[in-house]
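Report on the structure given below.
When a residue number appears, it is its place in the shown sequence, counting from 1.
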Amino acid sequence: MDKQWSAAWVTEPIFAGLQPIDPFHKEMDGTELPPHQEELKNRHTLARKTFQLNETVNHAVLDISADDYYKLYINGQFVGQGPAQGPIGHYPYNRYEVSGFLHKGVNVIAVHVYYQGLICRAYNSGDYRHGLIAELTADGRPTVATDSSWKLHPAEEYASGGIIGYDTQYLEQIDNRLKQLGWKEPGFDDSAWYGAVEAADGQRRLFLQSTPPLAVYGMKPRRIDSLGEEGFLIDFGEEITGQFTMKARGGEGHVVEIRCGEELLDDGRVRYDMRCNCAYRELWTLSGKEDELELYDYKAFRYAEVLAPSGVTLYPDSFGAVVRHYPLDEDACSFESSDPMLNAIWSICRNGVKYGAQENYVDCPSREKGQYLGDNTVITHAHAYLSGDLRLFRKSLHDFALSAATCPGLMAVAPGHLMQEIADFSFQWPMQLLEYYRQSGDLEFVRDMHPVAVAMLHHFDKYRREDGLLAEVADKWNLVDWPVGMRDDYAFPLNKPVGPGCHNVINAFYYGAMIAVRDLEDVLGIADRTVPEERLASFRRSFRKAFRSVETMLFVDAEGSRHASLHANALPLLFGLTAEEDRPAAVDLLRAKRLSCGVYFSYFVLKALAAAGEHKLVYELIRAEDLHSWGNMVKEGATTCFEAWSKELKWNTSLCHPWASAPIPLLIEEIVGLKPASPGWQTVSFQPRLPEALEHIELAFRTPAGRILFSYKDGKTGLTLPEGVRLAD
């Protein structure tokens with residue numbers, strides 16, 4: 001813990017005395033958790049504390065956390081929400097400067113606490129740890145802290161409308177007849193509320209959240225269309241993340257139906273039963289007075305449909321959204337070119353990353369809301385350029401380092417209580433750490449994380465054959481690519497657990513992890529290498545012996561296979577497992593197959609081609625408009641990048657999935673040709689490889705060293721670097 005708290009954790013009486021559950025376990029060890037009490041799931045609790053200030057406050061700090069989540073109000077004004085999810089051994093709290101919310105006289109802190117109770121990727125929940133902790137310091141004096149004097153009341157208006165996604169979210173059937181009106185205000189009478197119960201800390205160790213709280217703001221619709229007597233269709237102009245909000249007036253018990261979705265049906269109505277396994281249909285019961293809709297959890301949607309019976313007055317001027325995502329300075333990164341399609345591709349990738357960056361990077365902000373280790377290889381790289389803010393990148397690396405407590409080989413999802421393991425993803429963690437160092441120059445963090453990378457490699461030693469290759473990595477899923485149909489007929493049984501034999505992709509990623517650890521140890525000045533150079537050389541020989549076809553000079557998918565997939569040749573090309581004489585065959589294969597892979601794996605294909613000097617092909621594939629392309633997403637109406645190349649190429653496609661954001665770092669690094677040549681951007685590498693078809697480009701992005709501006713027009717390039725930053729020779 002990084003501070004001594006005077007406050008106590010407080011909880012509802014119904015949770016007091018319950019023995020916490022430990023949900024962490026290896027995915028395939030057969031662990032079954034005890035059934036969770038249904039009445040404790042989807043629990044909304046209101047908490048209040050009224051207090052007196054005898055003078056105006058100049059500086060006030062409120063520290064707060066909740067399990068699972070809170071929304072904080074002071075004197076009726078929204079302050080913030082959180083915390084980011086984390087395991088109990090490293091649980092975050094938030095800090096707010098709140099002097100602007102306080103006044104002389106009577107004040108109130110009001111908190112809406114939510115405990116979901118499901119084992120899923122979205123929350124560290126389902127463990128019976130419920131509660132709130134908060135303390136206010138005003139002008140250096142302890143002023144308010146959570147204890148048994150705080151008043152609590154269930155938010156009874158929030159009933160379950162069913163569970164959607166992968167046990168990700170409860171639909172909210174809200175009954176405003178049960179709402180505690182005015183509970184956020186100082187003058188509210190809470191004498192009928194019950195007292196909070198001071199609880200044990202549940203073994204939580206609290207640390208100040210390393211990232212800022214979410215940006216939360218209002219947005220008005222781009223368009224509102226009447227549906228006649230039925231209601232209204234609302235379009236926000238792009239996919240967003242947040243809650244739909246509105247006002248209405250009707251008779252007591254009248255029900256308004258709200259449908260949200262990512263797209264429209266052929267008849268022009270909202271597709272609320274969405275492709276991604278979420279049915280965004282909720283019911284709102286009116287009180288008989290003018291009511292305001294306050295949904296709690298967030299959705300990913302562009303459209304909303306409001307349907308009301310006769311006798312209900314809807315107020316179109318009140319239609320809006322409360323948008324939420326990780327704070328993004330809109331001026332941090334900009335891109336504009338003479339190619340409208342390229343601009344559109346940049347835009348959908350940017351928006352996908354913007355709305356997929358929440359308190360952690362989520363694979364999709366609808367179905368799963370989970371931070372996946374492999375997805376982060378792409379997302380962190382894109383977000384670093386779009387935001388110039390590396391705090392969330394750093395936090396994501398730490399999240400997965402903490403997962404080593406469950407398995408030293410790392411988990412595929414963190415934070416969250418859904419236990420999933422993917423070996424391909426574990427091997428990418430050192431590569432991400434190395435990219436973070438290149439962007440940040442944060443040597444201290446690399447030194448702290450290095451033992452995690454070493455332990456991860458050692459975890460897989462039990463699968464290492466005498467020749468150094470991994471075989472039958474059975475304690476984790478061997479993914480290769482996703483969905484299944486995007487594996488280019490990869491000829492190896494990827495069952496859970498994986499079948500017998502030795503296959504290409506897992507070994508190529510393993511080698512990529514080993515060389516990333518080697519490079520990290522170079523940075524740290526560690527002479528005693530985790531993987532000595534002779535072992536790397538021996539591995540390269542074994543890999544080529546096992547997978548290289550003498551006849552075709554291509555790499556096959558597995559020992560004994562004759563099939564040479566895109567995946568089995570892209571990774572060896574990227575990681576240096578392909579000898580110089582083999583590279584033309586590998587490049588020809590990739591040129592012929594193009595992006596016959598998933599959008600996740602396209603990042604590695606493009607980087608492999610760039611490493612082979614095929615920058616013209618890299619640009620062509622980014623800019624393409626065939627079925628397997630970002631251009632196809634644009635043609636299908638995307639405003640955020642999709643989970644798959646087309647809406648129809650996956651059975652449960654999310655239309656907002658930032659693992660498809662590879663064009664952002666590839667365009668900057670391999671087409672415009674700007675890269676950090678020394679850690680933290682003190683020295684910049686600049687090798688523009690702009691295609692002749694582009695008449696102009698303007699690019700600006702922020703780095704830890706400052707803002708970089710690039711322009712190209714009339715065959716001339718312009719480059720402005722921050723003061724003190726120089727070009728590499």
Side-chain angles (χ1 to χ4, degrees), residues 373 376-377 380-381 384 390 393-394 396-405 407-410 423-470 473 506-545 571-580 607 611 675-685 704-705 726 728-729:
L373 180 50
N376 273 13
T377 300
T380 56
H381 203 175
L390 300 178
F393 193 165
R394 188 181 194 273
S396 72
L397 289 162
H398 191 242
D399 287 338
F400 286 103
L402 292 172
S403 81
C407 175
L410 305 183
D424 316 43
F425 288 6
S426 297
F427 293 138
Q428 293 172 46
W429 188 84
M431 304 175 201
Q432 295 171 20
L433 180 59
L434 185 60
E435 182 60 42
Y436 171 77
Y437 174 69
R438 288 171 179 153
Q439 296 282 343
S440 69
D442 188 351
L443 189 62
E444 182 180 353
F445 183 70
V446 171
R447 186 173 288 110
D448 290 343
M449 294 294 102
H450 171 253
V452 179
V454 172
M456 183 276 294
L457 288 180
H458 287 332
H459 170 79
F460 292 94
D461 284 348
K462 58 181 172 287
Y463 300 110
R464 188 155 54 94
R465 304 190 313 195
E466 190 173 340
D467 64 357
L469 298 181
L470 301 183
V473 181
I506 204 68
N507 278 285
F509 272 128
Y510 178 49
Y511 182 75
M514 289 191 289
I515 60 174
V517 171
R518 178 202 64 190
D519 292 347
L520 290 166
E521 289 172 347
D522 282 345
V523 165
L524 294 170
I526 297 174
D528 186 12
R529 296 292 180 81
T530 300
V531 185
E533 188 57 44
E534 56 268 26
R535 181 176 149 192
L536 292 173
S538 175
F539 185 94
R540 289 192 294 270
R541 290 191 295 270
S542 298
F543 188 92
R544 291 173 61 77
K545 181 179 178 181
L571 293 180
L573 188 63
L574 173 60
F575 296 133
L577 289 161
T578 304
E580 187 173 350
K607 283 181 69 69
K675 298 180 185 179
S678 63
W681 290 90
Q682 295 303 313
T683 308
V684 176
S685 170
R726 65 180 182 86
D729 295 334

Determine whether a donor-acceptor pair (N or O, by modelled atom type, separation under 3.5 Å) exists between the side chain of [X] and the backbone of [Y].
{"X": "W429", "Y": "L397", "value": "yes"}
{"X": "N507", "Y": "L470", "value": "yes"}
{"X": "Q432", "Y": "L373", "value": "yes"}

Test applied, side-chain contact (heavy atoms from CB on, under 4.5 Å); reference residue, M456; option that passes from P451, P408, P430: P430
With sequence neighbours excluded, residues passing side-chain hydrogen bond (donor to acceptor under 3.5 Å, both in side chains) with Y437: none
Working for side-chain contact (heavy atoms from CB on, under 4.5 Å), residues L410 and V452: CA-CA 9 Å; L410 305 183; V452 179; 4.0 Å; yes
Contacts of type salt bridge (charged side-chain N to carboxylate O under 4.0 Å, His left out), residue D399, not counting sequence neighbours: K395
Show the atom names and distances, to 0.1 Å, of all donor-acceptor pairs under 3.5 Å that link a side chain in residues 512-523 to residues at least two apart or in another chain.
residue : atom : partner : partner atom : Å
E521    : OE1  : T530    : N            : 3.1
E521    : OE2  : H450    : NE2          : 2.8
E521    : OE2  : T530    : OG1          : 2.4
D522    : OD1  : R529    : NH2          : 2.2

Other residues, nucleotides, ligands: >12 heavy atoms within 6.0 Å of K545 NZ: no
F400-F425 aromatic ring centre distance below 6.0 Å: no
Validation row, ring centre Y510 to ring centre F539 under 6.0 Å: yes
Side chain to side chain, F393 and H398, heavy atoms closer than 4.5 Å: no
Salt bridge (charged side-chain N to carboxylate O under 4.0 Å, His left out) partners of residues 439-453, not counting sequence neighbours, each pair once: R394-D442
[atom1]-[atom2] distance between [X] and [Y], expressed to the nearest 0.5 angstrom:
{"X": "L469", "Y": "I506", "atom1": "CG", "atom2": "CD1", "value": "12.0 Å"}
{"X": "N376", "Y": "S396", "atom1": "CG", "atom2": "OG", "value": "4.5 Å"}
{"X": "S542", "Y": "R465", "atom1": "OG", "atom2": "CZ", "value": "8.0 Å"}
{"X": "L457", "Y": "D461", "atom1": "CG", "atom2": "CG", "value": "8.0 Å"}

Any donor-acceptor N or O pair under 3.5 Å, side chains Q428, T377: yes
Can you give me the closest heavy-atom contact between [X] and [Y], atom names plus distance?
{"X": "P676", "Y": "R438", "answer": "CB-O, 3.6 Å"}
{"X": "F543", "Y": "A508", "answer": "CE1-N, 3.8 Å"}
{"X": "L443", "Y": "L524", "answer": "CD1-CD2, 3.7 Å"}
{"X": "R540", "Y": "G576", "answer": "CD-O, 4.1 Å"}
{"X": "S426", "Y": "G409", "answer": "OG-O, 2.6 Å"}

Worked check of ring-ring contact (aromatic ring centres under 6.0 Å, His included) between F460 and F427: CA-CA 10 Å; F460 292 94; F427 293 138; 4.5 Å; yes
Salt bridge present between E435 and K607 (N-O < 4.0 angstrom): no
Partner residues of A728 under the side-chain contact (heavy atoms from CB on, under 4.5 Å) criterion, sequence neighbours left out: A677, T683
Residues in side-chain contact (heavy atoms from CB on, under 4.5 Å) contact with A705, at least two apart in sequence or another chain: W681, Q682, T703, V725
Stepwise side-chain contact (heavy atoms from CB on, under 4.5 Å) test for T380 and Y436: CA-CA 8 Å; T380 56; Y436 171 77; over 6 Å; no
